[in-house]
Amino acid sequence: MSTPLLLVAASGLAREVLSVCEALGRPVVGVLDDDPAKEGALLGSSPVLGPLERVRHHPDAAVLLCAGKGAVRRDLAARLAALGVRDDRYATLIDPSVRVPGSCSVGAGSILLGGVVLTADVLLGRHVVCMPHVTLTHDDVLSDYVTLTSGVSLGGGVRVGEAAYLGMNASVREGRVVGAGCVLGMGAALVTNQPPGTVYAGVPARPIGKE
């Protein structure tokens with residue numbers, strides 16, 4: 001039987017994760033969230049158990065970070081490390097519709113929702129989130145805490161830096177680099193490299209600010 005999961009952050013992503021868990025038949029202990037108003041409520045059929053510190057009450061559960069933004073997941077991971085949660089406690093969750101070829105690698109704590117496509121030699125770091133119908137082609141590399149929202153498409157050999165966030169239906173030309181902490185807007189088409197910490201939008205995508 002699969003190790004029970006303990007989700008962190010009572011979010012929309014957590015509800016999507018719960019749907020995948022149901023499809024996989026994977027048990028969920030509950031959800032941790034620091035918002036006191038949520039404690040005792042249900043998220044789907046799973047109880048909100050209280051703040052992050054209560055991870056100590058469930059030492060045998062695997063952990064999955066369900067905050068939608070990578071920078072928030074990174075902060076949560078740092079807090080959990082201070083509470084004694086080691087890297088080997090993090091689960092990886094992959095929707096049953098997703099095939100991960102043998103040449104591809106998915107890091108601990110990552111979440112791949114329905115319809116995600118990986119072709120060949122795709123490397124995903126830790127705590128990466130790929131929302132429905134993301135397409136990752138040959139030799140793409142995603143660093144830790146990257147978030148690709150629904151419909152994002154990357155050409156071959158794209159590199160995405162830590163905690164970057166790509167909006168719905170954004171696309172990146174082959175061989176380009178999205179820097180750490182970047183935001184790429186919804187529907188944007190990136191044809192140049194995007195410097196770290198910048199916000200780009202439009203077709204073709206152009207700088208509109210800094211994160």
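Computed from a predicted structure; not experimentally measured.
Taking the side chain as every heavy atom from C-beta outward, L7 and L32 never approach each other to under 4.5 Å. Inter-residue side-chain proximity for V31 and V8 is flagged as unmet; no heavy-atom pair is nearer than 4.5 Å. Looking at heavy atoms from C-beta onward, T137 lies out of side-chain contact with V122 at the 4.5 angstrom threshold. Residues H58 and V63 fail the side-chain proximity criterion, which asks for heavy atoms closer than 4.5 Å. With contacts defined as side-chain heavy-atom distances shorter than 4.5 Å, the pair S150/H133 does not qualify.
Under a 3.5 Å cut-off, the side chain of R89 and the backbone N or O of A61 do form a donor-acceptor pair. Counting only distance, with no hydrogens or angles, the side chain of S11 and the backbone of C66 share a donor-acceptor pair below 3.5 Å. Within the 3.5 Å criterion, the main-chain N or O of G114 finds no donor-acceptor partner in the side chain of S97. The backbone N or O of V20 lies less than 3.5 Å from no partner atom in the side chain of R26, so there is not a single donor-acceptor pair. Checking side-chain atoms of T198 against main-chain N and O of P207 turns up no donor-acceptor pair under 3.5 Å. Of the possible donor and acceptor atoms, none in the side chain of K38 sits under 3.5 Å from a partner among the backbone N and O of D33. Checking side-chain atoms of R73 against main-chain N and O of L65 turns up no donor-acceptor pair under 3.5 Å. Remark: side-chain polar atoms of D140 are not paired, donor with acceptor, to backbone N or O of R159 under 3.5 angstrom. Of the possible donor and acceptor atoms, one in the side chain of D144 sits under 3.5 Å from a partner among the backbone N and O of R126. Listed for the R176 side chain is a donor-acceptor partner under 3.5 Å among the backbone atoms of E174.
When all heavy atoms of L184 and A170 are compared, the closest pair comes out as CD2-CB, 3.9 Å. For A14 against A9, the heavy-atom pair with the smallest separation is CB-O, 3.3 Å. Listed here is the closest heavy atom pair of L5 and A91: CD2-CB, 3.3 Å. Between G167 and T149, the shortest heavy-atom distance links the atoms C-OG1, 2.8 Å.
Sparse packing is recorded around CZ of R15, with 12 or fewer heavy atoms of other residues, nucleotides or ligands lying under 6.0 Å away. More than 12 heavy atoms of other shown residues, nucleotides or ligands fall within 6.0 angstrom of atom CD in E53.
One hydrophobic cluster, built from ILVMFWY side chains closer than 4.5 Å, holds both V98 and V106. Under the 4.5 Å side-chain heavy-atom criterion for Ile, Leu, Val, Met, Phe, Trp and Tyr, I111 and M131 are members of the same hydrophobic cluster. Criterion: ILVMFWY side-chain heavy atoms under 4.5 Å apart, direct or through other members. Under it, L190 and L142 are part of a common hydrophobic cluster. Hydrophobic clustering, with ILVMFWY side chains joined whenever heavy atoms are under 4.5 angstrom apart, keeps V17 apart from V128. Put simply, L64 and L124 are part of two different groups of oily side chains (I, L, V, M, F, W, Y) that touch within less than 4.5 Å, one to the next.
Between K69 and D75, none of the side-chain N atoms (NZ, or NE/NH1/NH2) sits under 4.0 Å from a carboxylate O, so this pair counts as no salt bridge.
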Residues D34, R54; criterion salt bridge (Lys or Arg N to Asp or Glu O under 4.0 Å); working and verdict: CA-CA 10 Å; D34 287 333; R54 293 190 186 171; over 6 Å; no
Stepwise side chain to side chain contact (heavy atoms under 4.5 Å, CB included) check, V28 with L18: CA-CA 8 Å; V28 176; L18 287 167; 3.8 Å; yes
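With C130 as the fixed residue, the side-chain contact (heavy atoms from CB on, under 4.5 Å) test singles out one of T147, I94, T135, L136: L136.
The aromatic rings of Y90 and H127 sit perpendicular to each other, their planes meeting at more than 60°, with 30° as the lower class boundary.
Under 3.5 Å, the side chains of T192 and R173 contain no donor-acceptor pair of N or O atoms.
Here the CG atom belonging to L52 is positioned 6.0 Å from the CG atom belonging to L83, to the nearest 0.5 angstrom.
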